[in-house]
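This report concerns only the one structure given below.
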Amino acid sequence: PRGASLTDFAEKIGVDAASLVQMLFSLGEMVTATESVNDETLELLGEELNYVVQVVSPEDEDRELLESFDIEFGDDEDTDEADLVARPPVVTVMGHVDHGKTKLLDALRSANVVAGEAGGITQHIGAYQVHTEVDGDDRRITFIDTPGHEAFTAMRARGSQSSDIAVLVVAADDGVMPQTVEALNHAKAAGVPIVVAVNKIDKPEADPTKVRGQLTEYGLVPEEYGGDTMFVDVSAKSELNLDKLLEAIVLTADASLDLRADAGREAQGLVIEAHLDRGRGPVATVLVQRGTLHVGDSIVAGPAHGRVRAMLDEYGNELSEAGPSRPAMVLGLSAVPGAGQNFIVVEDDRMARQIAEKREARERAAMQAKRRVRRTLEDFMAS
Ligand code: GDP
Ligand code: MG
């Protein structure tokens, strides 16, 4: 990967960066773990490690694989304007540890129950949708709600854009902390608009004005100071101003994003999380990004394939179809795909199986190569 550091590279191949530094040193190259290494250095390492350094990224490789089946995973570039429909924003909640991300996601999940969805959201499926009324319209928002945000991290690592908006949670009693800055930098780098939730305002020592001042220094200027970032004071604990936060998300989406997708085509999207269920077999929560997913569709998700046997929403209700921005739990896959891997609906079961088999073979080869590299490195360190 171009511009990657030794640390990135070490992580990709599953080894310790320090041993790579040492190996390069013995080869006469002085490289620190964090500086980016050029292709020649990577190739040198590769030779030494008996490892073919891939100049193509796995993402490019997968694109080629799909292209050989005449499938394109990606945006709606060639879509007819007329086929595009509005879709809800997909939101990720980020922020410093203990500032209240989980509490806020839980509060939004339980507070936003629409009539007819009695009982509330019963299933933790890794993502959920809420409704809110803005200017008299019923608007929906999809929240990614994965423990530790593994899916988001995995998706970012794979370079796939999973969310449209980031909600940055900052505890008003603690202020801006290192992971707050990290989170806002990630969102900025991804070009994702930020809505700031100033949390824990129920606490006597809360100082929401200070948070505004601190974030202004990082370029997030509150609207009320003439900037273009919406700040909302909330309390996840007392469920205060949650509606205002939802409204700010919708308004930010309307102001800066053109969220539309072709709902008519075959579905594509991302795996949010997946696990093996004793009774139901492999279960994957997917986020539909474009198209509409139907029960009965032939699907390939990462190295898994199958036919969608059933779909469930976050209330445990059966779905017959799922359109753009909808999270859905999918049953019927042959294996458990990884968080952040993509899914695509294809012509028939045969094609799904063929693509899945090729992906699986590639994953297996990559694992073997990693193991080989680890052994070589161990030998090197021992010698
Ligand atoms: P996370 O690490 O960002 O997911 O933070 P959590 O949601 O786990 O919250 C960390 C702690 O802060 C927990 O003890 C929460 O109960 C508490 N907390 C979260 N939101 C609020 C809030 O609005 N007010 C108060 N007083 N406590 C909160
Ligand atoms: Mg948490």
Side-chain angles (χ1 to χ4, degrees), residues 89-113 120-130 132 141-157 162-163 165-188 190 192-215 218 220 222 229-249 252 272-275 285 287 314 327 339-340:
V90 178
V91 177
T92 313
V93 174
M94 306 174 86
H96 195 74
V97 65
D98 281 346
H99 279 199
K101 298 178 292 294
T102 303
K103 191 98 178 159
L104 184 62
L105 280 161
D106 287 348
L108 291 168
R109 193 190 307 113
S110 60
N112 225 267
V113 178
I121 297 172
T122 49
Q123 318 230 333
H124 246 291
I125 71 167
Y128 61 85
Q129 246 180 21
V130 301
T132 190
I141 302 171
T142 301
F143 284 93
I144 307 271
D145 176 25
T146 51
H149 298 282
E150 288 147 22
F152 187 71
T153 314
M155 285 177 225
R156 209 167 43 212
S162 55
S163 27
I165 290 183
V167 167
L168 183 63
V169 179
V170 187
D173 59 336
D174 205 19
V176 170
M177 296 299 278
Q179 286 164 38
T180 314
V181 178
E182 210 173 280
L184 77 86
N185 284 336
H186 276 311
K188 275 187 185 169
V192 174
I194 295 169
V195 173
V196 181
V198 183
N199 192 30
K200 307 198 185 183
I201 56 156
D202 58 285
K203 286 191 150 189
E205 63 271 39
D207 189 352
T209 309
K210 186 174 155 198
V211 174
R212 282 170 173 71
Q214 288 177 324
L215 284 177
Y218 289 96
L220 289 184
T229 304
M230 297 192 78
F231 281 60
V232 185
D233 293 342
V234 301
S235 166
K237 189 183 173 193
S238 321
E239 304 196 348
L240 208 70
N241 288 347
L242 300 184
D243 285 353
K244 282 193 184 145
L245 178 61
L246 296 176
E247 186 182 21
I249 293 167
T252 299
I272 301 293
E273 66 171 31
H275 65 274
T285 296
L287 172 70
E314 58 272 53

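Numbering of ligands and ligand atoms starts at 1, following listing order. All residue numbers in this chain count up from 1 along the given sequence. Computed from a prediction, not measured in an experiment: that's the story for all the values here.
- Looking only at protein heavy atoms, the nearest one to atom 23 (O) of ligand 1 is Ala236 N, 2.9 Å.
- Taking distance alone, with nitrogen or oxygen atoms compared against 3.5 Å, Asp202 approaches ligand 1 more closely than that limit.
- Contact record, Ala172 with Val211: CA-CG2, 4.0 Å, taken as the closest heavy-atom pair.
- Atom 10 (C) of ligand 1 has its closest protein heavy atom at Asp98 O, 3.5 Å.
- Polar contact with ligand 1: present for Ser235 (N/O pair, distance under 3.5 Å).
- Each of the following atoms of ligand 1 lies closer than 4.0 Å to a heavy atom of His96: 3 (O).
- In terms of protein heavy-atom proximity, atom 6 (P) of ligand 1 is closest to Gly100 CA, 3.7 Å.
- Shortest contact from atom 7 (O) of ligand 1 to any protein heavy atom: Lys103 N, 2.8 Å.
- In terms of modelled atom types and a separation under 3.5 Å, the side chain of Thr285 and the main chain of Ile125 share a donor-acceptor contact.
- For the pair Leu242 and Ser235, the tightest heavy-atom approach, listed with the atom from each and the gap, is CD2-O, 4.4 Å.
- Looking at Tyr128, its side chain never comes within 3.5 Å of a backbone N or O of Leu108 through a donor-acceptor pair.
- The protein atom (non-hydrogen) at minimum distance from atom 21 (C) of ligand 1 is Lys200 CG, 3.6 Å.
- Side chain of Lys101 to backbone of His96: a donor-acceptor contact under 3.5 angstrom is found.
- With values rounded to the nearest 0.5 angstrom, Thr92 atom OG1 is found 12.0 Å from His186 atom NE2.
- The side chain of Asn199, and not its backbone, has at least one atom closer than 4.0 Å to an atom of ligand 1 (non-hydrogen atoms only; side chain from C-beta on).
- Between Val234 and ligand 1, no pair of N/O atoms sits closer than 3.5 Å.
- Below 4.0 Å from some heavy atom of Lys203 lie the following atoms of ligand 1, by number and element: 26 (N).
- Of the charged side-chain nitrogens involved, none lies within less than 4.0 Å of a carboxylate oxygen, so that Asp106 and Lys103 do not count as a salt-bridged pair.
- For atom 14 (O) of ligand 1, the nearest protein heavy atom is 4.0 Å or more away.
- Other residues, nucleotides and ligands contribute at most 12 non-hydrogen atoms within 6.0 Å of the NZ atom of Lys244.
- The shortest N or O to N or O distance between Ile201 and ligand 1 is not under 3.5 Å.
- Between the choices Leu105, Val198, Thr102, the shortest heavy-atom distance to atom 4 (O) of ligand 1 belongs to Thr102.
- Side-chain contact check for His99 and Asn199: no donor-acceptor pair (N or O, by modelled atom type) lies under 3.5 Å.
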